[in-house]
Colleague: 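Below is a structure I'd like to ask you about.
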Amino acid sequence: MKTHYGKYGGQYVAETLMAPLRELEAAYEAAKADPSFRREFEELLRDYVGRESPLTCARRLSDHLGGATILLKREDLNHTGAHKVNNTIGQALLAKRMGKRRLIAETGAGMHGVATATVAALLGMPCEVYMGALDVDRQAPNVERMKLLGAKVNAVTEGSATLKDAMNEALRDWVANCDDTFYVIGTVAGPAPYPEMVRDFQSVIGREARRQCLEKYGRLPDEAIACVGGGSNAIGLFAGFIDDPEVKLVGVEAGGKGLATGEHAASINGGRLGVLHGAKTMLLQTGDGNIIDTYSVSAGLDYPGVGPEHCHLHDTGRAEYAVINDDEAVAAFEALCRFEGIIPALESSHALAEAIKRAPKLGKDKLLLVNLSGRGDKDMENIARFKASKGAKQ
Ligand SMILES: *Cc1c(COP(=O)(O)O)cnc(C)c1O
């Protein structure tokens, strides 16, 4: 079992959480080795999520840019509209196997809460989702979705009433109820074994994309690019290419209003080493170690930490981490709508914006693989508000 990634990761938790983490580790090791667990997981990915997701060539956009060819891994076409369901299915099946009756989850923008509530309904398990009170107000449609799916949404008023506080409350619930409760974490963060487990469940993205690229183009992509909030869709994509040193791995953090303004969500590029939610990782924090609230036009990239494996990939140089600000992400969002007839999630638009920057500088024979982590229907209101605020300033 992998607990550390270089100096990052680990299990920085209260003594009371060590027993449930050990139980989880053992159960996950056994599940991984059990072909019937894998079969059930793969069947649901195929018949419920609709995998495999296509690899789409963004032909008109690439021609317009006049350089490398941009390929899109279409996680936006999954059931529930993003990559998150790959992970919630894996963890919910593990919960069932462990005899846990109840699922809990944290959520920020609400996408992981919806993906957990979805799987809870599918498997007939009660589900409670912790969500910062501020986010409950800001993300009303997702709160409605979770309720429709049968989940109970608990508004968290502690701290800044956002994602990090929701995660603290979920951890507290887990400590108190670990006998019958499974905590479904939404990204490659948290104490071991979560980062490894979530990575494994999301690695289907990279495995499929690698095979699809070889089949269609007879070779691997030159670069694999994904946005990084906590880092699960990026790690899932990278997993397919980590052993191919010729494939450049590029993570893209949310630069918000710009790194210099302090209003961003770029933990690797703008944070410092610390401990959050049971793992040592790069964090956005003040000089005396208080967590800073993040800002980005895309609510789904708003986590003040980042998965420990990304920090290690950054330190070793295996992956590089770029920053894309709000304006660039929104421009990429609009470009994909107009050139390809695809409305991407604002999160995914960060990865796309990085590809749009790189493509014109590269030859036409180069392939840039972008993970389109989700669809953008959920972002209509955000986009309208963002443009209105820009209009007001001009
Ligand atoms: C939640 C979300 C993300 C960010 O989460 P990661 O764990 O970094 O992948 C990215 N894209 C979409 C569409 C999301 O819903």
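Counting convention: from 1, in listed order, for ligands and their atoms alike. In this text, all values refer to a predicted model and were calculated from it rather than measured experimentally.
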Colleague: Could you tell me if Y130 and D173 have a donor-acceptor pair between their side chains, going purely by distance under 3.5 Å?
Modeller: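 Yes, because at least one side-chain N or O of D173 sits under 3.5 Å from a partner of the opposite role on Y130.
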Colleague: For T187, counting its heavy atoms only, list the atoms of ligand 1 lying under 4.0 Å from any of them.
Modeller: 6 (P), 7 (O)
Colleague: Provide the closest heavy-atom pair for P308 versus V188 in the form atom of the first, atom of the second, distance.
Modeller: CD-O, 3.4 Å
Colleague: With nothing but distance in play, are any N or O atoms of K378 less than 3.5 Å from an N or O of ligand 1?
Modeller: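 There is no such contact.
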Colleague: Atom 1 (C) of ligand 1: which protein heavy atom is closest, and how many Å away?
Modeller: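 It is K84 NZ, 1.3 Å.
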Colleague: Looking at C227, is its backbone amide N or carbonyl O close enough to the side chain of N233 to form a donor-acceptor pair, meaning the two atoms are under 3.5 Å apart?
Modeller: yes
Colleague: Would you say ligand 1 has an N or O under 3.5 Å from any N or O of G230?
Modeller: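 Yes.
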Colleague: Based purely on interatomic distance, does E347 place a nitrogen or oxygen under 3.5 Å from a nitrogen or oxygen of ligand 1?
Modeller: no
Colleague: Backbone N or O of V297 within a donor-acceptor pair of the D326 side chain at under 3.5 Å?
Modeller: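 Answer holds: yes.
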Colleague: Record the part of E75 in heavy-atom contact with ligand 1 below 4.0 Å; permitted values are side chain, backbone, both and neither.
Modeller: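 Neither; nothing of E75 gets under 4.0 Å from ligand 1.
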Colleague: I need the atoms of ligand 1 closer than 4.0 Å to a non-hydrogen atom of G229, numbered in the order shown.
Modeller: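 Here the atoms of ligand 1 in question are 8 (O).
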Colleague: Can you find a side-chain donor-acceptor pair between N78 and E75 that sits under 3.5 Å?
Modeller: yes
Colleague: Short list, please: which atoms of ligand 1 are under 4.0 Å from a heavy atom of S232?
Modeller: 6 (P), 7 (O), 8 (O), 9 (O)
Colleague: Less than 3.5 Å between some nitrogen or oxygen of L301 and one of ligand 1, yes or no?
Modeller: no
Colleague: Under 4.0 Å from any heavy atom of C227, which atoms of ligand 1 are there?
Modeller: 10 (C)
Colleague: Has ligand 1 got any nitrogen or oxygen that is less than 3.5 angstrom from a nitrogen or oxygen of A82?
Modeller: no
Colleague: Answer side chain, backbone, both or neither: which part of H112 comes under 4.0 Å from ligand 1, heavy atoms only.
Modeller: neither
Colleague: Please identify which atoms of ligand 1 are closer than 4.0 Å to at least one heavy atom of S373.
Modeller: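 This gives 10 (C), 11 (N), 12 (C), 13 (C) as the contact atoms.
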Colleague: Measure from atom 4 (C) of ligand 1 to every heavy atom in A299, G300, G307, G251 and give the option owning the shortest one.
Modeller: G300
Colleague: Taking only heavy atoms of M111 into account, list the atoms of ligand 1 that are under 4.0 Å away from them.
Modeller: 15 (O)
Colleague: Under 6.0 Å between ring centres: does that hold for H264 and Y295?
Modeller: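 Aromatic pair excluded; centres sit 6.0 Å or further apart.
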Colleague: Anything under 30° is parallel, anything over 60° is perpendicular, the rest tilted; go ahead and classify Y303 against H277.
Modeller: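 Ring orientation, 0 to 90° scale: parallel.
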Colleague: Does either side chain, that of D315 or that of Y8, offer a donor lying less than 3.5 Å from an acceptor on the other one?
Modeller: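 A pair is found: one side chain offers a donor N or O, the other an acceptor, under 3.5 Å apart.
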Colleague: Might you work through the salt bridge (charged side-chain N to carboxylate O under 4.0 Å, His left out) test for R172 and E169, ending with a clear yes or no?
Modeller: CA-CA 5 Å; R172 238 166 254 152; E169 271 324 291; 2.3 Å; yes
Colleague: Is the closest N or O pair between S348 and ligand 1 shorter than 3.5 Å?
Modeller: no
Colleague: Under the side chain to side chain contact (heavy atoms under 4.5 Å, CB included) rule, collect the residues that match up with T80, sequence neighbours excluded.
Modeller: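 Side chain to side chain contact (heavy atoms under 4.5 Å, CB included) check on T80 returns V85, T118.
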